[in-house]
Amino acid sequence: MDFFIFISEQYILVGVLLALIYTFVWNEKRRGGKTVSTHELTRMMNNDEAILVDVRDPSDYKTGHIVNALNIPFNKINDRWQELEPHKAKTIILVDKMGQHTGGVGNTLRGKDFQVNRLSGGMSEWEAQNLPVVK
């Protein structure tokens, strides 16, 4: 009950907070690059147009990942981005659990002149569609 009283008395502050949250989420999505669907990812990988980079921790990667995905954890991208140099002509598709880390990684790689996209919904969406994973 006190929660609703606070909202009704402080509606301006609550509105500003919601606007800031929306702006933050929108900015993080934009920084991560354009999203691609699971079907678009499959097409791009089959046509050798893209390289998939899984930015999850190695323990998460080992529990199940997409075929041919490189595992470069998001907190190691500054040390290991050179591993992607041979693939500079391709689009880098980033995947994580639900999209929470692809924004920062995408921003870093775009700063190194890579073309970067991210998998919409991450591994959660991939698995929800019952698509194959390697364990």
Side-chain angles (χ1 to χ4, degrees):
M1 193 75 167
D2 291 334
F3 176 72
F4 296 111
I5 293 171
F6 175 79
I7 290 175
S8 67
E9 291 176 353
Q10 303 297 328
Y11 63 90
I12 293 174
L13 291 176
V14 172
V16 169
L17 175 64
L18 292 175
L20 289 173
I21 291 171
Y22 174 80
T23 303
F24 174 76
V25 170
W26 177 80
N27 188 48
E28 285 299 306
K29 284 185 175 185
R30 186 180 56 82
R31 284 180 41 197
K34 181 185 134 202
T35 59
V36 295
S37 68
T38 55
H39 301 294
E40 183 70 7
L41 170 64
T42 303
R43 185 197 62 76
M44 291 174 79
M45 295 287 289
N46 288 342
N47 292 335
D48 202 30
E49 298 172 6
I51 187 80
L52 183 63
V53 178
D54 191 322
V55 299
R56 297 176 299 156
D57 290 327
S59 60
D60 291 333
Y61 178 81
K62 288 177 186 172
T63 62
H65 61 274
I66 300 170
V67 176
N68 295 329
L70 298 176
N71 182 227
I72 302 177
F74 73 94
N75 58 354
K76 303 283 187 199
I77 197 68
N78 289 324
D79 300 328
R80 295 182 52 195
W81 68 268
Q82 296 89 348
E83 295 174 33
L84 300 173
E85 278 293 327
H87 309 288
K88 202 151 195 169
K90 297 179 183 179
T91 301
I92 305 294
I93 308 289
L94 300 174
V95 62
D96 64 359
K97 188 171 185 172
M98 293 178 9
Q100 68 271 29
H101 298 295
T102 56
V105 175
N107 197 33
T108 299
L109 292 177
R110 267 194 304 289
K112 310 269 188 219
D113 295 323
F114 288 95
Q115 181 178 339
V116 182
N117 292 345
R118 59 190 173 86
L119 179 61
S120 180
M123 282 300 295
S124 296
E125 179 64 23
W126 185 269
E127 291 172 333
Q129 292 189 22
N130 291 321
L131 294 168
V133 294
V134 177
K135 294 186 180 191

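Remember, predicted model here, so these are calculated numbers, not experimental data. No hydrogens, no waters, no symmetry mates; every other heavy atom, side chains included, goes into these values.
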**Request:** Check whether any side-chain heavy atom of Gln82 sits under 4.5 Å from a side-chain heavy atom of Lys112, and report yes or no.
**Result:** no
**Asked** Does Asn117 reach the main-chain N or O of Thr91 with its side chain, forming a donor-acceptor pair under 3.5 Å?
**Response** no
**Item:** Nearest heavy-atom neighbours spanning Lys135 and Gly64
**Value:** CG-CA, 4.1 Å
**Request:** Working to the nearest 0.5 Å, report the span between CD1 of Ile66 and CD1 of Ile93.
**Result:** 10.0 Å
**Message:** Looking at Lys88, I want to see if its NZ is surrounded by more than 12 non-hydrogen atoms of other residues, nucleotides or ligands under 6.0 Å.
**Reply:** yes
**Message:** Nearest 0.5 angstrom please: Leu109 CG to Gln115 CD, how far?
**Reply:** 12.0 Å
**Message:** Any heavy-atom pair between the side chains of Asp54 and Leu70 that's under 4.5 Å?
**Reply:** no
**Asked** Hey, what do you get for CZ (Phe114) to OG1 (Thr108), rounding to the nearest 0.5 Å?
**Response** 11.0 Å
**Audit row: Arg56, His65, side chain to side chain contact (heavy atoms under 4.5 Å, CB included) steps and yes/no** = CA-CA 10 Å; Arg56 297 176 299 156; His65 61 274; 3.8 Å; yes
**Request:** Identify whether Ile51 and Trp81 are in the same connected component of the hydrophobic contact network (ILVMFWY, side-chain heavy atoms under 4.5 Å).
**Result:** yes
**Heavy-atom side-chain proximity of Ile72 to Glu83 below 4.5 angstrom** = yes
**Request:** Salt-bridge test for Lys90 and Asp48: reply yes if a basic N is under 4.0 Å from a carboxylate O, no otherwise.
**Result:** yes
**Item:** Rounded distance [0.5 Å steps], CG in Leu131 versus OG1 in Thr38
**Value:** 5.5 Å
**Asked** So do the side chains of Asp60 and Lys97 get within less than 4.5 Å of each other, counting heavy atoms only?
**Response** no
**Prompt:** Mind checking whether Leu13 and Ile5 sit in one hydrophobic cluster, side chains of I, L, V, M, F, W, Y counted as touching below 4.5 Å?
**Reply:** no
**Asked** Do the ring planes of His101 and Phe74 sit parallel (below 30°), tilted (30 to 60°) or perpendicular (above 60°)?
**Response** parallel
**Request:** Find out if a path of hydrophobic residues (ILVMFWY) with successive side-chain heavy-atom gaps under 4.5 Å connects Val16 to Tyr22.
**Result:** no
**Asked** Is the CG atom of Asn47 crowded by more than 12 outside heavy atoms at less than 6.0 Å?
**Response** yes
**Fill in**
Separation between CG (Asn46) and CE (Met44), nearest 0.5 Å, reads 11.5 Å
**Prompt:** Going through the distances and angles, do Ile77 and Val55 end up as a side chain to side chain contact (heavy atoms under 4.5 Å, CB included)?
**Reply:** CA-CA 8 Å; Ile77 197 68; Val55 299; 5.6 Å; no
**Request:** Evaluate the side-chain proximity of Arg80 to Pro73: yes if any heavy-atom separation is below 4.5 Å, no if none is.
**Result:** yes
**Val53 vs Leu84 side-chain heavy atoms within contact, under 4.5 Å** = yes
**Residues Arg43, Glu49: salt bridge by 4.0 Å N-O rule** = yes
**Asked** So, for Thr35 and Ser120, which heavy atoms are closest and what is the spacing to 0.1 Å?
**Response** CB-CB, 4.0 Å
**Asked** Any donor and acceptor pair, going by atom type alone, linking the side chain of Trp126 with main-chain N or O of Pro132 inside 3.5 Å?
**Response** yes
**Message:** Hydrophobic cluster membership, with links at side-chain heavy-atom distances under 4.5 Å among I/L/V/M/F/W/Y: are Val36 and Val133 in one?
**Reply:** yes
**Message:** Same cluster or not: Tyr61 versus Val95, using hydrophobic residues (I, L, V, M, F, W, Y) connected whenever any side-chain heavy atoms lie under 4.5 Å apart?
**Reply:** no
**Message:** Distance check, rounded to the nearest 0.5 Å: Asp2 atom CG versus Glu9 atom CD?
**Reply:** 9.5 Å
